[in-house]
Number of protein chains: 2
Amino acid sequence: MEPGSTRISQLRRGVLEHCVLALLSEEPLYGFDLVRRLGDVDGLVTSEGTIYPLLSRLRRDGWVTTTWQESESGPPRRYYALTTEGRRVLRAFAEEWVRFRDSVDLLLLKGTT
Amino acid sequence: MEPGSTRISQLRRGVLEHCVLALLSEEPLYGFDLVRRLGDVDGLVTSEGTIYPLLSRLRRDGWVTTTWQESESGPPRRYYALTTEGRRVLRAFAEEWVRFRDSVDLLLLKGTT
DNA sequence: ACTCGGTACCTTGCGCCACATGGAACCGGG
DNA sequence: CCCGGTTCCATGTGGCGCAAGGTACCGAGT
């Protein structure tokens, strides 16, 4: 399938990023683990080709810091942890999301019930 | 501001399209009117530069049909009406949206309450 | 030793779509 | 006779999710 063409993948735009922040708000995690965890969530299944560029952006924007840690089961892991700015962004998005979600719900589920 | 760069505009991706379908599911509407109606909805404010290419895609995909109608207040209006296929797509997306929304809610609003 | 699957990191190129910008034409009122 | 409101459209840009492909480490099996 052509990249970025499915309807559901359009949906994830701008949301996935903040779902990662939400996961990191509980504990530092590494990329490969994030892919696995998101893989368990309906509608948020993703791949390494999405996660790593995304994590780079988070780093670039100063929303996360990273630390390398040895692994017993493979190459070293890069753990990502939220910065104060990252937490602020997450909180702000959570509010924005609620407003957006309610608007879409209102339009979309009016006649459907 | 650079086009498509704001965080909120990423959110609208793939959603706006189906919100338009939802609006059309009640009655045929024309482009300029759609911009006005979406302008009243928090988080879905958009512009003609977004709506008209979007409507072209809906037409291309056979989800809508159009009819021209004279206007007393300006140039003729192009009214868009849902096809059977369009209604099917809308119903399918509504289900997909609920699943997606619930997943995001779960991740995003876990610690925020 | 050698391969093989699992783990773990990364880059590159593509396609989609929201948006800014700008253009055209119609109308009514000052 | 111009100007704001209405109504349609096309073009170019930027961001991001994704497929594809590459590198390297580990343990287990042959």
Side-chain angles (χ1 to χ4, degrees), chain A residues 1-21 28-39 41 43-61 66-80 100 104, chain B residues 1-21 28-39 41 43-61 66-80 100 104:
Chain A
M1 182 145 9
E2 314 89 51
S5 70
T6 60
R7 187 139 43 262
I8 184 73
S9 80
Q10 292 297 326
L11 253 193
R12 282 189 271 272
R13 291 208 169 219
V15 178
L16 204 54
E17 195 175 356
H18 297 89
C19 287
V20 167
L21 290 183
L29 298 170
Y30 59 98
F32 198 76
D33 195 22
L34 278 165
V35 173
R36 268 193 309 233
R37 290 178 188 239
L38 290 170
V41 184
L44 292 177
V45 184
T46 186
S47 70
E48 303 173 57
T50 298
I51 278 295
Y52 288 115
L54 186 156
L55 289 171
S56 290
R57 291 196 304 270
L58 298 187
R59 224 177 336 140
R60 182 199 62 193
D61 295 341
T66 73
T67 53
W68 289 91
Q69 221 158 308
E70 299 287 325
S71 163
E72 296 174 356
S73 56
R77 299 165 174 169
R78 188 174 211 170
Y79 279 84
Y80 292 77
F100 177 76
V104 176
Chain B
M1 186 155 357
E2 313 90 49
S5 71
T6 60
R7 187 135 42 259
I8 185 72
S9 80
Q10 292 296 327
L11 252 192
R12 282 188 271 272
R13 289 210 167 218
V15 177
L16 204 53
E17 194 175 356
H18 297 89
C19 286
V20 167
L21 290 184
L29 297 170
Y30 59 98
F32 198 76
D33 196 20
L34 279 165
V35 173
R36 268 192 308 231
R37 290 181 187 238
L38 289 170
V41 184
L44 292 176
V45 184
T46 187
S47 70
E48 304 173 56
T50 298
I51 278 295
Y52 288 113
L54 187 157
L55 289 171
S56 289
R57 290 196 305 269
L58 299 187
R59 222 176 337 141
R60 180 198 64 192
D61 296 340
T66 72
T67 52
W68 289 91
Q69 220 157 311
E70 300 287 326
S71 163
E72 296 175 357
S73 55
R77 302 166 174 168
R78 188 174 210 171
Y79 278 84
Y80 291 78
F100 177 76
V104 177

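Order of the sequence lines fixes the chain letters, A, B, ..., with proteins taken first and strands second; residue numbering starts at 1 for each chain.
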Item to check | Spacing of CZ belonging to B:Arg37 relative to OG1 belonging to B:Thr46, to within rounding of 0.5 Å | outcome: 15.5 Å

Checklist entry - Quick one: on DNA chain C, does B:Arg60 or B:Pro76 contact a more 5' nucleotide (nearest heavy atom)? => result B:Arg60

Next on the checklist: Below the 4.0 Å mark, does D:dT6 have OP1 or OP2 next to a side-chain nitrogen or oxygen of B:Ser71?
Outcome noted: no

Checklist entry - Taking atom P of C:dT11 as reference, at what distance in whole Å does atom CG of A:Leu55 sit? => result 11 Å

Checklist entry - Looking at A:Ser73, does any N or O in its side chain come under 4.0 Å of the phosphate oxygens OP1/OP2 on D:dG27? => result no

Checklist entry - Quick one: A:Asp33 CG to C:dG6 P, roughly how many Å, whole number? => result 17 Å

Item to check | NE2 on B:His18 to CG on A:Leu11, rounded to 0.5 Å | outcome: 8.0 Å

Checklist entry - When we call it a touch if two heavy atoms are under 4.0 Å apart, what does A:Glu48 touch: a base, just sugar-phosphate, or nothing? => result base

Checklist entry - Is any side-chain N or O of A:Thr46 closer than 4.0 Å to OP1 or OP2 of D:dC18? => result yes

Checklist entry - Looking only at heavy atoms, which two atoms of B:Tyr52 and B:Phe32 are closest? And how far apart? => result OH-N, 3.5 Å

Item to check | Rounded distance in Å - CD (B:Glu70) to C1' (C:dA25) | outcome: 13 Å

Checklist entry - Atom CZ of B:Arg78 and atom C1' of D:dT6: how far apart are they, to the nearest Å? => result 17 Å

Item to check | side-chain N/O B:Tyr52 vs D:dC9 OP1/OP2, d < 4.0 Å | outcome: no

Checklist entry - Nearest heavy-atom pair of B:Ser73 and B:Arg77: which atoms, and what distance? => result OG-NH2, 3.4 Å

Checklist entry - Counting just side-chain N and O atoms, does A:Ser56 come under 4.0 Å of either OP1 or OP2 of C:dC10? => result no

Item to check | Whichever of B:Tyr80 and B:Gly74 has its nearest DNA chain D nucleotide further upstream toward 5' | outcome: B:Gly74

Next on the checklist: At 4.0 Å (heavy atoms only), tell me whether A:Gly31 reaches a base, stays on the sugar-phosphate, or touches nothing.
Outcome noted: sugar-phosphate

Next on the checklist: From CG of B:Leu54 over to P of D:dT11, roughly how many Å is that when rounded to an integer?
Outcome noted: 18 Å

Checklist entry - What's the closest nucleotide to the B:Arg59 side chain, out of D:dC8, C:dC10, D:dC9? => result D:dC9

Checklist entry - Would B:Ser9 and B:Arg12 count as having a side-chain donor-acceptor pair, cut-off 3.5 Å? => result no

Checklist entry - Which atom names give the shortest non-hydrogen contact between A:Leu44 and A:Cys19, and what distance separates them? => result CD1-SG, 3.9 Å

Checklist outcome for this item: The nucleotide from D:dT6, D:dA19, D:dC9 with an atom nearest the side chain of B:Trp68 is D:dC9

Item to check | Separation of atom CG in A:Leu16 from atom C1' in C:dC16, rounded to whole Å | outcome: 16 Å

Next on the checklist: How many whole angstroms separate atom CZ of B:Arg37 from atom P of D:dT7?
Outcome noted: 12 Å

Checklist entry - Distance check: side-chain N/O of B:Arg57 vs OP1/OP2 of C:dC16, anything under 4.0 Å? => result no

Checklist entry - Quick one: is B:Arg77 getting a side-chain N or O under 4.0 Å of the C:dC26 phosphate, OP1 or OP2? => result no

Checklist entry - Looking only at N and O atoms, is any donor in the side chain of B:Arg13 or the base of C:dC16 less than 3.5 Å from an acceptor on the other one? => result yes

Next on the checklist: Expressed as a whole number of angstroms, how long is the span from A:Tyr30:OH to D:dA24:P?
Outcome noted: 21 Å

